[in-house]
Structures are given as C-alpha cells and as structure tokens.
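Keep in mind it's a predicted model, so treat the numbers as computed, not measured. The basis for the numbers below is simple: all heavy atoms, side chains too, and nothing from hydrogens, waters or symmetry mates.
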Amino acid sequence: MEYEIWCRCLRQYREEKREMTQQDVADGIYISRSHYSAIEHGRTVINYRHLYNMAKFFRLRLDELLTFPMLNGKGTVRRLRRCGRPKKS
C-alpha cells in the first residue's frame with residue numbers, strides 16, 4: 001500500500017472508528033500533535049518505534065495497523081472504505 005493511502009486510512013480510522021483527536025493519539029504514542037499531524041498528512045515518514053507504539057495504543061497487531069483490516073462485528077475482516085487513491089479532477 002502506498003504511504004499516502006495508508007496515511008488517509010490512518011486519519012479515517014482515527015476519526016470514524018476510534019473517534020479521537022490528533023492530540024489523543026499523539027499523547028498515546030508520546031509525540032507532539034504537530035508531529036502526529038505530519039505523519040497523518042504524509043509530510044513525514046513514521047518510524048518503527050512510533051508505529052509500534054501506535055499499534056499498542058490502538059490495540060492492533062502491527063500487521064493490522066499496516067493493512068487496516070477492520071472487524072465488522074461478525075468476527076470477519078473487512079477493509080476501511082474509501083481510503084484508496086483520490087479521485088482525479
């Protein structure tokens with residue numbers, strides 16, 4: 001998955017599934033809100049330590065965080081909707 005797509009999925013996951021602010025996540029993974037915002041907007045690349053802390057914070061396995069599968073309530077996995085490539089104008 002391209003990094004920019006992953007970043008959009010991260011934001012969608014934070015907003016829709018976890019209902020958290022950027023500050024909530026930043027505090028949970030021990031970075032500043034501006035650094036987290038830069039990660040979420042693809043302006044900086046996340047390092048392994050922050051990725052690991054994020055997986056722990058969201059209570060996901062690292063592979064789940066990297067691919068963003070979601071449980072649909074029936075114990076099966078589905079992907080987040082609409083976090084693919086942006087539409088061309």
Side-chain angles (χ1 to χ4, degrees):
M1 179 183 296
E2 291 181 21
Y3 187 67
E4 295 81 17
I5 296 170
W6 183 83
C7 293
R8 282 194 296 279
C9 290
L10 176 62
R11 180 176 183 175
Q12 182 180 343
Y13 179 75
R14 174 183 59 79
E15 290 176 343
E16 293 181 10
K17 299 296 180 186
R18 302 298 290 209
E19 297 179 353
M20 295 180 170
T21 65
Q22 287 182 339
Q23 188 67 57
D24 293 333
V25 179
D27 291 344
I29 64 173
Y30 313 108
I31 61 175
S32 69
R33 189 211 51 82
S34 60
H35 187 168
Y36 178 77
S37 178
I39 292 169
E40 197 172 86
H41 288 93
R43 293 189 303 265
T44 189
V45 177
I46 189 169
N47 69 32
Y48 181 76
R49 184 185 63 208
H50 296 145
L51 195 62
Y52 175 79
N53 287 342
M54 191 179 295
K56 281 180 58 177
F57 178 75
F58 285 138
R59 296 186 176 131
L60 296 170
R61 293 187 326 256
L62 199 51
D63 65 315
E64 291 175 323
L65 180 63
L66 291 171
T67 58
F68 279 106
M70 303 304 301
L71 292 177
N72 67 6
K74 299 176 184 173
T76 57
V77 174
R78 68 171 176 82
R79 295 207 181 273
L80 285 172
R81 60 184 168 75
R82 291 189 317 254
C83 60
R85 296 183 188 277
K87 294 181 180 179
K88 294 183 180 181
S89 303

| task | Decide yes or no for Ile46 and Leu10: does some side-chain heavy atom of the first lie under 4.5 Å from some side-chain heavy atom of the second? | result | no
| Smallest separation among heavy atoms of Tyr36 and Val25, with atom names | CE1-CG1, 3.4 Å
| query | So which heavy atom on Glu40 is nearest to which on Cys7, and how close? | reply | O-CB, 3.2 Å
| message | Side chains of Asp27 and Gln23, heavy atoms from C-beta outward: is any pair under 4.5 Å? | response | yes
| task | To the nearest 0.5 Å, tell me how far Cys9 SG sits from Leu65 CG. | result | 10.5 Å
| field | Arg8 side chain reached by Arg11 side chain, heavy atoms, under 4.5 Å | value | no
| remark: For Thr21, the side-chain hydrogen bond (donor to acceptor under 3.5 Å, both in side chains) test, sequence neighbours excluded, returns Asp24
| What's the spacing between Ile31 CD1 and Thr44 OG1 if we round to 0.5 Å? | 9.5 Å
| said: Between Arg33 and Gln22, is there a side-chain donor-acceptor contact under 3.5 Å, judged purely by atom types and distance? | reply: yes
Side-chain donor/acceptor pairs under 3.5 Å, residues 48-59, sequence neighbours excluded:
from: His50; atom 1: ND1; to: Asn47; atom 2: OD1; distance (Å): 3.3
from: His50; atom 1: ND1; to: Asn47; atom 2: ND2; distance (Å): 3.4

